[in-house]
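Take a look at the structure below.
Proteins get letters first, then strands, A, B, ... in listed order; numbering begins at 1 in each.
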There are 2 protein chains.
Amino acid sequence: MGVVRSELDPPRGQVVEGSSEVPSAPRAMRADAVKNHEKILRAAEEIFALDGVKVPIDVVAERAGVGVGTLYRHFPTKESLYEAIVMTRLTSLLETANRLIRDVEPGRALDSFLREFARQAAEKQDLFDAMDQAGFDFKSRFSDRVDELVDRVDVLRQRAVASGAVRADVETSDILNLVMGTCHAASHGGVDKSALQRLVTIVITGIQPTPER
Amino acid sequence: MGVVRSELDPPRGQVVEGSSEVPSAPRAMRADAVKNHEKILRAAEEIFALDGVKVPIDVVAERAGVGVGTLYRHFPTKESLYEAIVMTRLTSLLETANRLIRDVEPGRALDSFLREFARQAAEKQDLFDAMDQAGFDFKSRFSDRVDELVDRVDVLRQRAVASGAVRADVETSDILNLVMGTCHAASHGGVDKSALQRLVTIVITGIQPTPER
DNA sequence: GCCTATCCGGAACCCTAGTTCCGGATATAG
DNA sequence: CTATATCCGGAACTAGGGTTCCGGATAGGC
């Protein structure tokens, strides 16, 4: 829940010197282990982005140039590896949201975020899969991080509403569902980058205040 | 391709009397077989609607009150059963489209169709799954029927454009992708009927001509 | 009422994909 | 340089779900 420290940080097995812990200090990882750990992460990031959760674990291992046994020693579960990758994606998105909240005028910030969100989700199949499963209400291993993200989007939305760029009766989940929908189209082929942006534009237009009517 | 005659019509094994075919006329189905065939279809329609393609075949058999062997004699493949169900759904949608084209004013017809489409796809998980796989370009067993449907929607769109209800730069695939996206949200829980209609409304608003800007 | 072409049920089989296990290799402390 | 704690690879095991098979039941023609 709280601290996430997944296997994403440069792996180490060392305990801080002088730790008051039990003196059975776990040794540092062997050099080859560290190298493999990184190879696995790189391979996973590439393949998951391309093929999503569905890709068999052997394929990841092969691409990493490593046996499945090795992969499983580094990540006890396929899901744990998947989770490690998705977490970085979500974190990155979160940073984007925060940056936009901080630096960009409210009217444009939401727009920019949604476009970036769509771009990412369309580009990284795994991200899409994750949010697909997680829904925006659903429980999942990512739900905490997803909640944070939804919270940030809510801030973006509120500001956009306040600045008159978005109608007040639109809910955050509506926006996310709609944009996820565009990604959905993108991740199943048949929608290139420009078409994707066109779809997002339609959504954004749809949530703007309507002058007349 | 052309004639679809799936196992949906009341099954019979009879050859038309006086057929010029080989005289080895295949007998009519036994009464119990006919009954089972129907039970299987009914069960499949219910379960596929609820759980989509993913549902194991044994579950369908059980719900139909029939052994898997029996199910497989009637439908040689899980996919063939699935196909039979989805085809009726697509056909029904096609009829809806045609009726709207015939009876309703262009400005409202597309709107009505999209709402009905969303309702159906959200209600029948299998329909959603099918279109999900088929995409709107992708190949699949349904692609012919899907093509027909897309063609009808294109007519609806063109008319809507002509009547000034929809912008001219919006493509049919854009519309379908967007609406599919809304269904996507709906089929993964967290979106009730009213929320779904709200989403569709946003999409429809998004493809309308913008007075200013 | 009898006989057999049809049909039924579900155990068994296969294939896919995740996970475990262990004999062999190797980094690295001493 | 040597000993050994770690690490590696991939064969083997497991589980879920589609499909096949065949002994037993039965509809329905005679």
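- Taking a cutoff of 4.0 Å between a charged side-chain nitrogen and a carboxylate oxygen, A/K35 and A/E38 do not qualify as a salt bridge.
- A heavy atom lying under 4.0 Å from DNA chain C marks the following residues of residues 43-57 of chain A, by number: A/P56, A/I57.
- An OP1 or OP2 oxygen of D/dC8 is reached within less than 4.0 angstrom by a side-chain nitrogen or oxygen of A/H74.
- A/Y72 has its OH atom 18 Å from the P atom of C/dC22, to the nearest Å.
- Neither OP1 nor OP2 of D/dC7 sits under 4.0 Å from any side-chain N or O of A/H37.
- Between A/D58 atom CG and C/dT20 atom P the separation is 14 Å, expressed in whole Å.
- Under the side chain to side chain donor-acceptor pair (under 3.5 Å) criterion, A/D51 pairs with no residue, sequence neighbours left out.
- The nearest whole Å value for the distance from the CG atom in B/L71 to the C1' atom in D/dT20 is 14 Å.
- Applying the salt bridge (Lys or Arg N to Asp or Glu O under 4.0 Å) criterion to A/D154, with sequence neighbours excluded, gives A/R157.
- Spacing between atom CD of A/E62 and atom P of C/dA17 amounts to 13 Å, rounded to whole angstrom units.
- Here the side chains of B/I85 and B/L41 are in contact, with some heavy-atom distance below 4.5 Å.
- A/R42 has no carboxylate O lying under 4.0 Å from a charged side-chain N of A/E45, or vice versa, which leaves the two without a salt bridge.
- The CD-C1' distance, from B/E79 to D/dG17, rounds to 15 Å in whole Å.
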Distances under 3.5 Å between protein N/O atoms and the N/O atoms of nucleotides 10-14 of chain D, please, pair by pair.
from: D/dG10; atom 1: N7; to: A/G69; atom 2: N; distance (Å): 3.2
from: D/dG10; atom 1: O6; to: A/G69; atom 2: N; distance (Å): 3.2

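- For residues 65-76 of chain A, there are no salt bridge (charged side-chain N to carboxylate O under 4.0 Å, His left out) pairs, not counting sequence neighbours.
- With rounding to whole Å, A/K78 atom NZ is found 17 Å from C/dT20 atom C1'.
- Within 6.0 Å of the CD atom in B/E62, the count of heavy atoms belonging to other residues, nucleotides or ligands does not exceed 12.
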Exercise for the section: May I have the step-by-step check of side chain to side chain donor-acceptor pair (under 3.5 Å) for B/Q197 and B/R115, ending in yes or no? Expected result: CA-CA 7 Å; B/Q197 291 302 317; B/R115 289 180 189 284; 2.9 Å; yes
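- Residue A/N36 places none of its side-chain N or O atoms closer than 4.0 Å to OP1 or OP2 of D/dC7.
- The pair B/D169-B/R167 meets the salt-bridge criterion, since a charged nitrogen lies less than 4.0 angstrom from a carboxylate oxygen.
- In this structure a side-chain-to-backbone donor-acceptor pair under 3.5 Å is missing from B/Y82 to B/G52.
- Note: NZ (A/K35) to P (C/dT26) measures 14 Å, nearest angstrom.
- Side chains of B/D132 and B/H184: a donor-acceptor N/O pair is absent below 3.5 angstrom, by distance only.
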Exercise for the section: Summarise protein proximity over nucleotides 23-30 of chain D in one line of letters, 5' to 3': B for base, S for sugar-phosphate only, - for none, counting protein heavy atoms closer than 4.0 Å. Expected result: ---BSS--
